[in-house]
Amino acid sequence: MKTQSILFVDDNKMVLTILERWLEEENFHIHMANNPKEALRIIEQHHIDVVVSDLLMPGIDGLAFLTMMKADYPHVVRIILSGHLHTQSMLAAINQVGIFKFLTKPLELTDSLKQIFYEALQQAERNQLAHHAEQQFANHLSAFIIDMMKVTDQPYVLLNHDHLVIAHHHSLAHTYAVGQSLLHPSYDGIQLDSHSLYIPRHELENYQSSICNIRQLTFGDTLLRFIYFH
């Protein structure tokens, strides 16, 4: 398993030195930066899982830095380390950035603090797995739709797992509108009112008839159904 990394960002070199010595024997890599600009250079050169950043620093402040981190590296877990009190508006902004923990100075170098860092690393691993799964699904979905487009030039409807229409051929814009539910009001299946057709759930996976065919994509907890009409 790849060793994870934590990046500490603080303009106080003493804080960084103390943390580096205290954590040098832990089971993760440590990177130190005196300002956000230096931190960004490190992130470009190394894989980083967790960022622990001071808020008030010269140049780019910690909040702006963490906002950039959220936009460009959303899988990285963000922790604030600060010795200053903040207004409600600042706390609201911090919440929008998506902060894992808010640590206050002076830090108490305890096992509880180390546990917070390890929990953050675990969250980073979950974020990476989720990101990878999203990419895989996007690739599967793209291939699925391209495949369906090659199958036919005839009208189609794309449904999600709740039987809601999420896309359709332009000719069906008024027949099966985006957001419309095709779930039968009384039975377990879908109802295609405009084609006077009911299809029970157990037939949906490989349905074929003179009216339409159904192709299904299942990936993890996501299910999509592509209905194309003859």
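As the structure is a computational prediction, the values presented were derived from the model and not from experiment. Quick note: numbers below take in every heavy atom, side chains included, and nothing from hydrogens, waters or symmetry partners.
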Could I get the full list of side-chain hydrogen bond (donor to acceptor under 3.5 Å, both in side chains) partners for R41, not counting sequence neighbours?
-> none
Taking V52 as the fixed residue, which of L81, L107, L7 is the one that meets the side chain to side chain contact (heavy atoms under 4.5 Å, CB included) rule?
-> L81
To the nearest 0.5 Å, tell me how far D193 CG sits from H184 NE2.
-> 8.0 Å
Roughly how far, to the nearest 0.5 Å, is CG of D49 from CG of N127?
-> 9.5 Å
List the steps, then state whether side-chain contact (heavy atoms from CB on, under 4.5 Å) holds for M32 with L19.
-> CA-CA 9 Å; M32 301 293 178; L19 284 169; 4.2 Å; yes
Ring pair (Phe, Tyr, Trp, His ring centres under 6.0 Å) involving F117 - partner list, sequence neighbours excluded = F8
Which atom of G62 lies closest to which atom of S53, heavy atoms considered = CA-OG, 4.0 Å
Which pair of heavy atoms, one from C212 and one from I199, lies closest together, and at what distance?
-> SG-CD1, 4.3 Å
Quick one: side chain to side chain contact (heavy atoms under 4.5 Å, CB included) partners of D162, sequence neighbours excluded?
-> N160, L164
With sequence neighbours left out, the residues meeting side chain to side chain contact (heavy atoms under 4.5 Å, CB included) with I18 are M14, L109
Distance (rounded to the nearest 0.5 Å) between I48 CD1 and S5 OG = 5.0 Å
Closest heavy-atom contact between F65 and A39?
-> CZ-CB, 3.7 Å
Residue pairs fulfilling side chain to side chain donor-acceptor pair (under 3.5 Å) with at least one residue in residues 59-73, sequence neighbours excluded | none
side-chain hydrogen bond (donor to acceptor under 3.5 Å, both in side chains) against H46, all qualifying residues, sequence neighbours excluded | none
Side chain to side chain donor-acceptor pair (under 3.5 Å): pairs with one or both residues in residues 100-113, sequence neighbours excluded | D10-K105, D54-K105
Output the distance between atom CD (Q191) and atom NE2 (H163), rounded to the nearest 0.5 Å.
-> 12.5 Å
Taking the hydrophobic residues Ile, Leu, Val, Met, Phe, Trp and Tyr, and joining any pair whose side-chain heavy atoms are under 4.5 Å apart, which ones share a cluster with V178?
-> none
NE2/H75 to CG/L129 distance, rounded to the nearest 0.5 angstrom?
-> 12.0 Å
So which heavy atom on P58 is nearest to which on D11, and how close?
-> CD-OD2, 3.5 Å
Could you check L103 against L113 for side-chain contact (heavy atoms from CB on, under 4.5 Å), going step by step and ending with a plain yes or no?
-> CA-CA 9 Å; L103 304 177; L113 180 58; 3.8 Å; yes
Return each pair, listed once, that meets side chain to side chain donor-acceptor pair (under 3.5 Å) where at least one residue sits in residues 194-204; pairs must be two or more places apart or across chains.
-> Y176-H195, D188-R201
Partners meeting side chain to side chain contact (heavy atoms under 4.5 Å, CB included) with T17 (sequence neighbours left out) = R21
Report yes if some heavy atom in the side chain of P200 is under 4.5 Å from a heavy atom in the side chain of Y187; otherwise report no.
-> no
Any salt bridge (charged side-chain N to carboxylate O under 4.0 Å, His left out) involving residues 171-183? Give me the pairs, sequence neighbours left out, ordered by first then second residue.
-> none
Does I190 reach the side chain of I227, with side-chain heavy atoms less than 4.5 Å apart?
-> yes
Check the hydrophobic clustering (I, L, V, M, F, W, Y; side-chain heavy atoms under 4.5 Å; chains of links allowed) and say if V157 and L192 are grouped together.
-> yes
Side-chain (Q4) to main-chain (L121) donor-acceptor, under 3.5 angstrom = yes
Are M57 and L40 connected in a single hydrophobic cluster, I mean Ile/Leu/Val/Met/Phe/Trp/Tyr linked by side-chain heavy atoms less than 4.5 Å apart?
-> yes
Under a single-linkage definition using a 4.5 Å side-chain heavy-atom cutoff for Ile, Leu, Val, Met, Phe, Trp and Tyr, are V97 and F100 assigned to the same hydrophobic cluster?
-> no
CD on Q180 to CD1 on I166, rounded to 0.5 Å = 14.0 Å
Any side-chain heavy-atom pair from F229 and T175 closer than 4.5 angstrom?
-> no
Residue pairs passing the side chain to side chain donor-acceptor pair (under 3.5 Å) test where at least one lies in residues 25-39, sequence neighbours excluded | E26-K114, E26-Y118
Are L16 and I116 grouped together when hydrophobic residues (ILVMFWY) are joined by side-chain heavy atoms under 4.5 angstrom apart?
-> yes
Checking H230 side chain against S209 main chain: does a donor-acceptor pair fall under 3.5 Å?
-> yes
Side-chain donor/acceptor of N213 to backbone N/O of Y228, under 3.5 Å = no
Within the distance-only criterion (no hydrogens, no angle test), does the side chain of R78 pair as donor or acceptor with the backbone N or O of M69 below 3.5 angstrom?
-> no
Non-hydrogen atoms of V77 and A124 that approach each other most closely | CG2-N, 3.4 Å
Side-chain heavy atoms under 4.5 angstrom apart, residues restricted to Ile, Leu, Val, Met, Phe, Trp, Tyr: same cluster for L55 and V50?
-> no
